[in-house]
Amino acid sequence: VDRGIVERARDGDHAAFAVVAEASIGHLTAVARLILRDEERAQDAVQDALIAAWKGIRSLRDPDRLDAWLHRLLVRACYAHAGRGRIHHVTEIAFPDGLDLGGPDEHRTVERRDELERGMRRLSAGQRAVLVATYYLDLPAPEAADMLGIPVGTLKSRLNRALQGLRGAIEADSRPASDTRERYA
Amino acid sequence: MNGGPDLGVDLRDYFRRVADPTPDEGRLAAVLAETAAVRPIPSWRARAAALAHLVGPGWKPALLLLAVLTLLAAALIAGALLLQARPWIPGLLAYSTNGKVYLASDGGPGVLAAAEPGVDFHVDGWSPDGSTLLMDDGFGIYALDPRTLAIRRLVAGLDPVVSADGTRIAFSDAAGVAILDLTSGQVRRTDLDTGGVFAWSPDGHWLAGWAGTRLVVIDVATGTTTILGAVGRPSERGATPSDPVYEDAVPPSWSPDSDRIAYVRYACGDACADCSGGCGRVAVPAAIEVVDVDGGNAREVVPAHLGVGRPTWSPDGAWIAYAGTGRLLHLVRPDGSDDRTLEKDRILELFGRLWWSPDSTSIVMGNAGLPDAGSMGDTTLWRVFISDGHGEVAASDTGESWAYQVVRAGSVPALPAPSAGPSDGPSPVITEVPAGQGNVSDAARDWHALAYADDCTTHLLPLDGSASFDRGSCPPGWSSAQPAPDGRELAGIVGDARGVPGQVAIRDAGGRVTVVPGLAKVDSVTWSPDGRWLEAWDRSPTSEVYSLVRADGSGLHGIPGPASWSADGSVILVSGPSGRWFVGSPEDPALADIGTFPGPPPPNTPPTPWLSPDGRSVAYAGGDGNAWVLDLATGGRRQLTAFGFGAVRSIVWAPDSSSMLVIDTTGAWLVDASGTRPASLLARDATAEWPNDPSWSPDGAHIAIGLNSGGVLLVSLPTMDAVRIGDAGLPAVWSADSRYLAAVQPSAPGPGFSVVVVNANGSGRHLLRTDETPGTNSLYPTWAR
């Protein structure tokens, strides 16, 4: 988004904010979906983040930092909505249509993505947020830490734990079921 | 395929492929509509800039000096206020954060009042006299005595609301809304069908809430329901009105004289018949209306705007406070006049319900805050004075729920001294009170829950059918989780310092993880029947290593093979690699070698021994295809079956060790340990698959046998009456009190999975369903305690 537009929005120009919101909502929605794995909550989080952005936009010091600021608002909204799940109502977000399952390499890739899909479901929203900041948004560690509201050192340890958790989930899925029970059958 | 070193590369590819930036239609419009109605919050920086612009650049040093002096003055004032130590909120405040409940009295510090490992408590409200705090954990309602911190479980349900006289609570459950009489324990159903959005009239005569899309009042004494009119309200959209954080899920509000009701009317009620699909939380304009208790004089007091909600009548009847557009705090007279905002700059996002002080001079409300000051926006409670709209911070970091109550002067109970931290808090005693609410089958009337470990998290699936919830989470790299027999602890495999999996770890019910020292390369762990020991197994091709270790990590020693356990865990029988058997105590590494298996030689591998629950006998399949039993004390053996051709597949002892169930190629047989003639329990015909996974109820009165052709056969002894539970999968598990049998439903449609629960005689079928994705161990639930 053009810096001038952001500055106008910061000055209270709602039309300029509309441009900012329209330009950002798709990207924010993608991030929220990856973090929350729940369509309805992801939409709610994006909506909350954008409303919070308008109300607090005058606290945005550097217009060039708009994306980072929006990411932070979104992560906070995602955390809030993830924590609202006292009762499980999970709407699975499926793979997009149109995946090419042609050759063996592609098949292997699809199989791998399926593993990751199942593994990601087993992580917490916080763990997914760390992975999304690092591997989807490709943010450097300081910026990822800023987005998540944590120190850089904490980011690194959380990233390590998230990757370990993902590996563990994938390995657990690959194990044959009930191997211990079969011993006595 | 495993995690692999290229996980980061794969994650980038995965995210790139699955990320979907398509926004939901209408969300942008909803955002713009709501934001158009409010102005951005002015920042101190912006104000300073504006002031500097007014006074000109030459005055900047003076302006800086002025700012410093202002800050000093503010600090002095704040210090003076702190020295006064006056109570900012008179009366009692309870709040929950991270599943723990804290109490504060007269503005004092929060005291940890309830913290049960794995239980996520949520504060619901106080009794009128402040003697009882009502809270729930997502599927059960509890009463907490603030003086003793004792907790009593009242009933299965959610969102309790206590009557003005404190004798009854209204609550919601899967079947709708019910009323529990706290003196008699009786539960009565109502016509209300939505949880969390109902309210007692101050005189205790009425209960107001929703039935479908209609606002209704119920005469509590007679049960008569009066429909006040069809109105709109948000419909199903994933979250439900019973979810207390669903922002529109607020009850109607009664006038103090119990004659009128203020409520939210959603525009979608006019626009569509059933509101399905299109009634989002913020996207739907809402108005506030007031109606007489007989349905007359309905009138709009706040016109429809986006985000309007939470009407709350002041105790003196003069005002209705509500959340206006932009989630700002508003006041309006009950006749719709004098609408005003109490918004101040620091009150950014109204969060949760509104609570009036008894003198109607102030309102306690939550503020989520913005995450621009180094925090992610902790919830803060504010006391906002209606005289001028100024607010005072009443409590910080109050989490996701709170309840505020002012009691009569002098009757505020003295709370215990503040604890040093959550871990030092008192342990509440949870007392079971049979509910008998009758909303579900007989199988769901008690405090029972099924636990299953999903390689990561222990989940509890409570029998009241309300929901599942998680008990703790997993440490990094956790896999192959096995729940303890009581469903509280969890054993699993974790990685070592280099990330190589193979160490055994135990996560207790409080979420603390202990790595068992001295074990490596372990492939799986199993619990002893008494939950005191873990059996670790490394099944690498080159060496099979079996070990025993206590659940506290002590007593590690090797055993020569897999163990069969007595019911009390005091005796093990180990089948060694050379076909020799060893018997002894798990406490003693020196097991007695009792030789090779006694009986006809096996055709292939040594037979599996089945140790009797009393640890005195061993049943096994002989090489002749028959079942045999060995007396460990005398060495005597006895042939139990004489079919010759039927290879024994499994033997399951009765809990009292007097008999056993033998499954062979011909079917299932009930065999007395003394060797009397076997009784046919289930004959296998030419087409049926094997019966398998038999299990005795702990009291020995019933047997459940799985049928691969589908379902579970439930046999009552000794009448041999049988009931087939057609949609139950395997294995079926008995509750410790032998009252219920549970099994995962193997092919339930849709996402998630279901568990079928029946009474021991097969009656009272009840289906528990969770939307969670089933994992490997979801198919092996155990009963929690």
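Residue numbers begin at 1 in each chain, while the letters A, B, ... track the order of the sequences.
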Side chain to side chain contact (heavy atoms under 4.5 Å, CB included), paired with B:Phe15, selected from A:Leu116, A:Leu137, A:Val132: A:Val132
Gap between atom CG of B:Leu32 and atom CD of A:Glu22 - 0.5 Å precision: 8.0 Å
Set of residues satisfying side chain to side chain donor-acceptor pair (under 3.5 Å) with respect to A:Asp138, sequence neighbours excluded: B:Arg12
A:Val46, part contacting chain B, at a heavy-atom distance under 4.5 Å: neither
Side chain to side chain donor-acceptor pair (under 3.5 Å) partners for A:Thr134, two or more places apart: none
Distance, nearest 0.5 Å, that separates NE2 of A:His14 from OG1 of B:Thr35: 2.5 Å
Short side-chain to backbone donor-acceptor contact, A:Arg33 and B:Asp20, under 3.5 Å: yes
Top contributor to chain B interface from A:Ala30, A:Gly12, A:Ala32 [non-hydrogen pairs under 4.5 Å]: A:Ala30
For A:Thr29 against B:Thr22, the heavy-atom pair lying closest together: CG2-O, 3.8 Å
Closest approach of B:Ala19 to A:Leu34 (non-hydrogen atoms, all atoms of both residues): CB-CD1, 4.2 Å
